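Here the structure is laid out as structure tokens; the discussion comes afterwards.
Because only heavy atoms are used, hydrogens play no part in the values below, and waters and symmetry mates are left out as well, while side chains stay in. Not measured: the values here are computed from a predicted model.
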Amino acid sequence: MQLTRFSTSVSQGTESASADTGYTAKVDATGLSAGTVYFYRFVFGSTRSPVGVTRTLPATASSLKLAVMSCSNYPAGYFNVYGEVASSDVECVVHLGDYIYEYAANGYASGTAASMGRLSQPANELLSLSDYRARHAQYKSDPDSKNLHGKLPFICIWDDHEIANDAYMDGAENHSPATEGTWAARKAAALQAYHEWMPIRTGSDKAKIYRSFNFGGLASLHMLDTRLIGRDVQIDIAALAGLQGTDARNTAVAAFSSPTRQLLGAEQLQWLQGQMAASTATWQVLGQQVLMGRMEFPVSVLAALNTTDTSTEAQAAGQKAVTDYLTAKGTPANLRTPTQVALMDTAQNPKLGYNLDAWDGYIVARETLLGTAATLKKRLVVLAGDTHNAWHSDLTLMGLANPALAGVKVGEEFATSSVSSPGLEEYLVTLTPPQIKGIFEGVVDDLNWMDASRRGFLKMTFTPTEAKGEWFFVDTITSRTYTTSLGHTARMAA
């Protein structure tokens with residue numbers, strides 16, 4: 001439906017765009033009815049904007065369709081995924097972060113940017129308020145971005161690249177105070193620009209953006225900040241695995257297992273526990289950035305899968321480590337050789353999450369959250385992004401406080417691929433995507449399915465009886481001509 005006239009106005013007003021907000025203007029329309037589609041536009045003198053479409057949250061709902069996306073990297077390729085979502089039947093977009101990237105024009109994922117006319121602006125790495133404003137403006141200039149924002153409401157949360165790679169509460173991997181100024185100043189600039197350019201309400205504290213949305217008693221969507229407000233610094237996996245000596249390992253183990261180690265922070269966790277306890281919705285949905293599922297690999301495999309060594313010997317050693325472990329795993333316990341027994345003994349060959357920037361690096365915090373859902377008997381669905389690949393996993397307890405609960409399933413995680421950022425296929429270069437898929441699905445106990453090579457989005461459909469995830473993929477991001485296919489479907493019963 002296309003409107004050419006606005007014969008009936010339900011809300012209108014005047015807003016000024018000033019230098020204080022980088023000449024952006026944000027309007028919060030009030031007095032709207034629940035569960036209603038609205039058309040809107042902006043007028044400046046004789047200039048009228050294109051007509052936008054949005055909708056309000058329903059008072060009651062029997063179904064809900066969400067498009068879940070993350071990691072939209074402008075220089076990496078065209079936003080064909082945005083174009084596909086704009087033509088879909090979803091009701092709302094949930095963007096889980098890395099909406100922009102902070103790198104310089106010759107940095108991450110920019111190898112083909114010049115040929116596509118997608119070099120990052122400004123050319124330098126983002127540090128100042130003007131830098132972040134300019135990068136947001138460039139991303140918003142993309143035609144698929146403009147089209148999608150004009151057709152569907154967005155619910156957004158930031159991840160690290162809106163500020164700097166592998167950010168945490170007090171710093172980031174990609175921030176050097178000695179040459180780039182204080183972390184506080186950079187973070188304040190990034191958050192200011194984020195609130196100016198993104199469709200999000202801005203409160204008195206720009207750093208506090210965790211919030212809940214109730215979709216008519218069917219689903220409560222709790223958007224979480226796992227990045228800035230409460231996260232402790234990441235632990236080095238090499239140190240934790242004992243590859244840097246005993247002293248480094250002891251220090252890493254102490255931090256890793258600390259009962260006070262935080263990802264959400266105490267205040268946000270308490271808020272989430274209260275929200276989940278008070279909600280009567282059929283589904284409790286966590287919209288957050290990083291994988292919560294236990295992506296655990298035995299140290300024997302982690303040590304052999306060296307992404308920087310592409311020699312024939314290294315490839316052979318890596319494949320042998322995987323084969324040996326999977327063979328031992330598939331052999332009945334009473335028939336295992338002493339070597340296989342040692343491989344399956346977690347005391348001798350402990351399991352660690354391969355990515356300690358995710359919840360695998362914050363095991364006590366994860367156990368507390370999952371334990372809350374289990375105690376409250378909530379139907380828990382976790383949405384995630386960040387990795388640039390697609391995943392479907394069971395969420396199980398580790399039994400840290402009560403070993404009898406180890407392995408108890410609490411919910412399921414549905415994780416989206418990226419809009420354009422490259423995935424594991426760009427890092428595990430000695431392996432083909434089918435090999436990567438086989439290794440992950442074979443080794444990781446809680447993983448049900450993954451895709452190791454394609455860009456796309458996750459469509460989540462909620463009804464009173466099931467939560468259904470459908471992963472859609474585009475066949476290219478280097479051409480504006482593309483095709484889309486359904487890659488996988490997973491269902492979780494209520």
Side-chain angles (χ1 to χ4, degrees), residues 54 64-101 109 136 139-140 142-162 194 197-200 209 213 219 221 223-227 285-292 381-392 413-423 450-451 453-462 467-477 482 484-490:
T54 191
L64 171 64
K65 296 178 181 178
L66 303 175
V68 183
M69 296 187 291
S70 74
C71 306
S72 40
N73 190 324
Y74 188 90
Y78 298 116
F79 292 162
N80 293 337
V81 174
Y82 280 0
E84 192 60 27
V85 172
S87 63
S88 73
D89 63 348
V90 302
E91 301 156 57
C92 183
V93 171
V94 177
H95 200 295
L96 298 177
D98 292 346
Y99 184 96
I100 66 166
Y101 281 72
H136 274 282
Y139 275 61
K140 285 294 196 301
D142 178 88
D144 289 308
S145 175
K146 289 194 288 187
N147 183 43
L148 181 57
H149 274 285
K151 286 190 173 181
L152 288 166
F154 270 61
I155 297 175
C156 301
I157 202 83
W158 55 54
D159 197 6
D160 53 340
H161 289 291
E162 284 88 351
Y194 185 92
W197 282 92
M198 296 298 289
I200 183 173
I209 62 170
F213 299 84
L221 172 63
M223 299 296 287
L224 307 180
D225 177 4
T226 65
R227 184 55 66 182
V285 186
L286 306 186
Q288 52 92 59
Q289 300 82 350
V290 294
L291 290 181
M292 190 177 291
V381 169
V382 173
L383 307 177
D386 180 63
T387 67
H388 312 166
N389 294 106
W391 315 82
H392 175 231
E413 180 171 53
F414 298 77
T416 183
S417 182
S418 64
V419 172
S420 58
S421 293
M450 69 91 66
D451 180 89
S453 64
R454 293 177 288 180
R455 314 282 72 81
F457 73 98
L458 166 65
K459 178 181 175 181
M460 289 298 305
T461 302
F462 295 92
K468 180 175 70 173
E470 297 172 285
W471 286 265
F472 289 90
F473 299 102
V474 296
D475 66 338
T476 183
I477 57 170
Y482 66 92
T484 305
S485 61
L486 173 62
H488 186 69
T489 301

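Donor-acceptor pairing under 3.5 Å is lacking for the side chains of Arg455 and Ser420. Side-chain contact check for Ser70 and His388: no donor-acceptor pair (N or O, by modelled atom type) lies under 3.5 Å. Of the N and O atoms on the side chains of Tyr101 and Ser421, at least one donor lies less than 3.5 Å from an acceptor on the other residue. Thr226 and Gln288 are not linked by any side-chain donor-acceptor pair at a separation below 3.5 angstrom, with hydrogens and angles left out of the test.
Under the 4.5 Å side-chain criterion, counting only non-hydrogen atoms from C-beta, Phe473 is in contact with Asp451. At least one side-chain heavy atom of His95 sits under 4.5 Å from a side-chain heavy atom of Ser72. For the pair Met223 and Cys156, the minimum side-chain heavy-atom distance is 4.5 Å or more. The shortest side-chain heavy-atom distance between Val419 and Phe457 does not fall under the 4.5 Å cut-off. When side chains are defined from C-beta on, Tyr82 does not count as touching Val93, because their heavy atoms never get closer than 4.5 Å. Put simply, the side chain of Tyr99 reaches to within 4.5 Å of the side chain of Glu162, judged on heavy atoms. The closest side-chain heavy-atom distance from Met460 to Glu470 is not below 4.5 Å. Side-chain contact between Asp386 and Asp98: present, with at least one pair of heavy atoms (C-beta onward) separated by less than 4.5 Å.
Within the model, atoms CD1 of Ile200 and CD1 of Ile157 stand 6.0 Å from one another, a figure rounded to the nearest 0.5 Å. Put simply, CG on Leu383 and CZ on Phe414 are 8.5 Å apart, with the number rounded to the nearest 0.5 Å. Annotation: the span from Leu286 atom CG to Leu221 atom CG amounts to 8.5 Å, rounded to 0.5 Å. In this structure, OG on Ser417 lies 12.0 Å from CE on Met69, to the nearest 0.5 angstrom. Taken from NE2 in His392 to CG in Leu458, the straight-line distance is 10.0 Å, to the nearest 0.5 Å.
The two residues Gly83 and Asp144 make their nearest non-hydrogen contact at CA-OD1, 3.8 Å. Contact between Phe213 and Ile155 at its shortest, heavy atoms only, is CE1-CG2, 3.4 Å. Here the closest heavy-atom approach between residue Asn80 and residue Ile477 is recorded as ND2-CA, 3.8 Å. Across Thr416 and Gly456, no two heavy atoms sit closer than the pair OG1-O, 4.0 Å. What you find for Thr476 and Tyr482 is that their closest heavy atoms are CG2-CB, 3.8 Å.
Note on Asp89 versus Lys459: salt bridge recorded, some NZ/NE/NH1/NH2 to OD/OE distance being below 4.0 Å.
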Criterion side-chain contact (heavy atoms from CB on, under 4.5 Å) on Leu148 and Phe154, from CA distance to verdict: CA-CA 9 Å; Leu148 181 57; Phe154 270 61; 3.6 Å; yes

From CA spacing to verdict: side-chain contact (heavy atoms from CB on, under 4.5 Å), Leu66, Phe462: CA-CA 9 Å; Leu66 303 175; Phe462 295 92; 4.1 Å; yes

Residues His136, Tyr194; criterion side-chain contact (heavy atoms from CB on, under 4.5 Å); working and verdict: CA-CA 8 Å; His136 274 282; Tyr194 185 92; 4.2 Å; yes

Test log, rule side-chain contact (heavy atoms from CB on, under 4.5 Å), inputs Asp475 and Ser485: CA-CA 8 Å; Asp475 66 338; Ser485 61; over 6 Å; no

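The side chain to side chain contact (heavy atoms under 4.5 Å, CB included) search around Ala415 returns Leu291, Ala384, Trp391, not counting sequence neighbours. Remark: Asn147 engages Ala86, Lys151 in a side chain to side chain contact (heavy atoms under 4.5 Å, CB included) (not counting sequence neighbours).
Remark: side-chain polar atoms of Thr387 are paired, donor with acceptor, to backbone N or O of Asn389 under 3.5 angstrom. A distance-only check finds no donor-acceptor pair linking the side chain of Gln289 to the backbone of Leu96 [under 3.5 Å].
The aromatic rings of Phe79 and Tyr74 stand perpendicular to each other, their planes meeting at an angle above 60°, with 30° marking the opposite boundary.
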